[in-house]
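The structure appears below as structure tokens.
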Amino acid sequence: MELHTSHVQLLKRYLLLCAGLAVMAFGVAFSIKASLGTSPISSFPYVISVITPLTVGNATILMHCFFILLQILILRKEYHPIQLLQLPVAVFFGYLTDFGVWAVQGISCNTYWQQWLACIVGILLVAAGVSCEVKANVVVLAGEGVVLAVCQKVPVKFGYMKVMFDVTLVAVSCIVSMTVTGTIHGVREGTVAAAIFVGLTSKQMIRLVDKWKKNAAVSVG
């Protein structure tokens, strides 16, 4: 009976992860639609989609594959094969992102305030998706996986390393974009807003969910 219960709980966690990835993918799609710059983690795939025939989703999958390889190279014998689940997660997330981009293509963003509205929706959806990913606690996206791998080898807190990782990714995106096209694509004021508010918003969402669960448990008790 306990084994059956644990399997059900694990299934629920994976379903929560899938829901979070879907919400996050639509958040990325809205940020692309806003044309005010994508979130830091999506900036490089977006640039690649601009300069190559690849879609944002396909570029995202390739980037995550590279991040998985980096984790293996960094951790070597300490790398746990279970983390290879990041690969199907990356594929799922990539195709969901392309679907999201297709689904929101009919939305109009002709004015600056409409662009910001789409950008804010994107930030809220990405934050909600991250919250689901954290609460599911089964497997992280490969981007976070690289940061965690580095933190295992270097005595730096995850938060600081995550900021350095995002800044590096945005810088690389700008350099590649400028080198190939002569202008910067995918990095604007919306990128800064996402960098600041996605993490803060997801933390508040997690806190509210935990508080709601605690109050619900007290009421039932």
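Predicted, not measured: the structure shown is a model, and the values here were computed from it.
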Review point. Heavy-atom distance under 4.5 Å between the side chains of Leu117 and Phe30, does that happen here?
Key: no
Check your understanding: Are Ile32 and Leu96 connected in the hydrophobic side-chain network, where two residues link if heavy atoms are under 4.5 Å apart?
Key -> yes
Review point. Atom CZ in Arg207, atom OG in Ser131: separation rounded to 0.5 Å?
Key: 11.5 Å
Point to revise | Pairwise side-chain contact, Leu148 with Met161, heavy-atom cut-off 4.5 Å (strictly under) | key: no
Review point. Within the side chain of Lys33, is there an N or O that forms a donor-acceptor pair under 3.5 Å with the backbone of Val101?
Key: no
Check your understanding: Between Ser177 and Ser173, is there a donor-acceptor pair closer than 3.5 Å when you use the side chain of the first and the backbone of the second?
Key -> no
Point to revise | Validation row: Val130, Met205 side chains within 4.5 angstrom (heavy atoms) | key: no
Exercise for review: Give a yes or no on whether the backbone of Gly199 and the side-chain of Ser202 come within a donor-acceptor separation of less than 3.5 Å.
Suggested key: yes
Exercise for review: Show your working on side-chain contact (heavy atoms from CB on, under 4.5 Å) between Met164 and Val156 and close with a plain yes or no.
Suggested key: CA-CA 11 Å; Met164 287 189 282; Val156 179; 4.0 Å; yes
Point to revise | Reported CG-to-CD1 distance for the pair Leu54 and Ile61, which is rounded to 0.5 angstrom | key: 10.0 Å
Review point. Heavy atoms, side chains only, cut-off 4.5 Å: are Lys157 and Lys162 in contact?
Key: no
Review point. Counting only N and O atoms by type, is there a donor-acceptor contact under 3.5 Å from the side chain of Arg13 to the main-chain atoms of Ala136?
Key: yes
Point to revise | Path from Leu62 to Val172 over hydrophobic side-chain contacts below 4.5 Å | key: yes
Review point. Taking side chain as C-beta onward, heavy atoms only, is Thr179 less than 4.5 Å from Val176?
Key: no
Point to revise | side-chain contact (heavy atoms from CB on, under 4.5 Å) between Cys65 and Leu87, intermediate numbers included | key: CA-CA 7 Å; Cys65 288; Leu87 182 56; 3.5 Å; yes
Check your understanding: Taking it one step at a time, do His185 and Thr181 satisfy side-chain contact (heavy atoms from CB on, under 4.5 Å)?
Key -> CA-CA 9 Å; His185 292 278; Thr181 69; 3.4 Å; yes
Check your understanding: Judged by atom type as modelled, is there a donor-acceptor pair below 3.5 Å linking the side chain of Glu78 to the main-chain atoms of Leu75?
Key -> no
**Study point:** Spacing of SG belonging to Cys132 relative to CG belonging to Leu21, to within rounding of 0.5 Å
**Key:** 9.0 Å
**Study point:** Thr55 side-chain N/O to Asp98 backbone N/O, donor-acceptor pair under 3.5 Å
**Key:** no
Review point. Any idea which heavy atoms bring Gln71 and Ala149 closest together, and the distance?
Key: CG-CB, 4.2 Å
**Study point:** Parallel, tilted or perpendicular: ring planes of His64 versus Phe93, cut at 30 and 60 degrees
**Key:** tilted
Revision key, fill the gap. CG of Leu17 to CG of Leu141, rounded to nearest 0.5 Å, is 7.5 Å
Review point. Counting distance only, does the side-chain N/O of Gln105 pair as donor-acceptor with the main-chain N or O of Trp102 below 3.5 Å?
Key: yes
Review point. How long is the span from the CE atom in Met24 to the OG1 atom in Thr97, to the nearest 0.5 Å?
Key: 9.0 Å
Check your understanding: Rounded to the nearest 0.5 Å, how far apart are CG of Leu69 and CG of Leu73?
Key -> 4.5 Å
Point to revise | More than 12 heavy atoms from other groups under 6.0 Å of CZ on Phe26 | key: yes
Exercise for review: Taking Thr38 for its side chain and Ser43 for its backbone only, find out whether a donor-acceptor pair lies under 3.5 Å.
Suggested key: yes
Review point. With a 4.5 Å limit on heavy-atom distance, are the side chains of Tyr79 and Ile68 in contact?
Key: yes
Check your understanding: Are any side-chain N or O atoms of Asp166 and backbone N or O atoms of Pro40, one a donor and one an acceptor, separated by less than 3.5 Å?
Key -> no
**Study point:** Cluster link Met63 to Val180, ILVMFWY, side chain under 4.5 Å
**Key:** yes
Check your understanding: Under 6.0 Å between the ring centres of Phe165 and Phe67?
Key -> yes
Practice item. Could you check if a side-chain atom of Trp113 sits within less than 4.5 angstrom of a side-chain atom of Trp116, using non-hydrogen atoms only? Key: no
Point to revise | Nearest heavy atoms of Gly186 and Thr191, plus distance in Å | key: O-OG1, 3.3 Å
Review point. Any idea which heavy atoms bring Ala34 and Cys119 closest together, and the distance?
Key: CB-N, 3.6 Å
Check your understanding: Where do Ala118 and Cys109 come nearest, in terms of heavy atoms and distance?
Key -> CB-SG, 3.8 Å
Practice item. Determine whether Leu10 and Val134 fall in the same hydrophobic cluster, where Ile, Leu, Val, Met, Phe, Trp and Tyr are linked whenever their side-chain heavy atoms lie under 4.5 Å apart. Key: yes
Point to revise | Heavy-atom side-chain proximity of Glu133 to Val140 below 4.5 angstrom | key: yes
**Study point:** Co-membership, hydrophobic cluster, residues Val170 and Val126, 4.5 Å side-chain
**Key:** no
Point to revise | Intermediate values then yes/no, side-chain contact (heavy atoms from CB on, under 4.5 Å), Tyr112 and Leu36 | key: CA-CA 9 Å; Tyr112 192 57; Leu36 292 179; 3.7 Å; yes
Study note, to complete from the structure: In short, Ile41 meets Gly143 closest at the heavy-atom pair CD1-CA, 4.3 Å
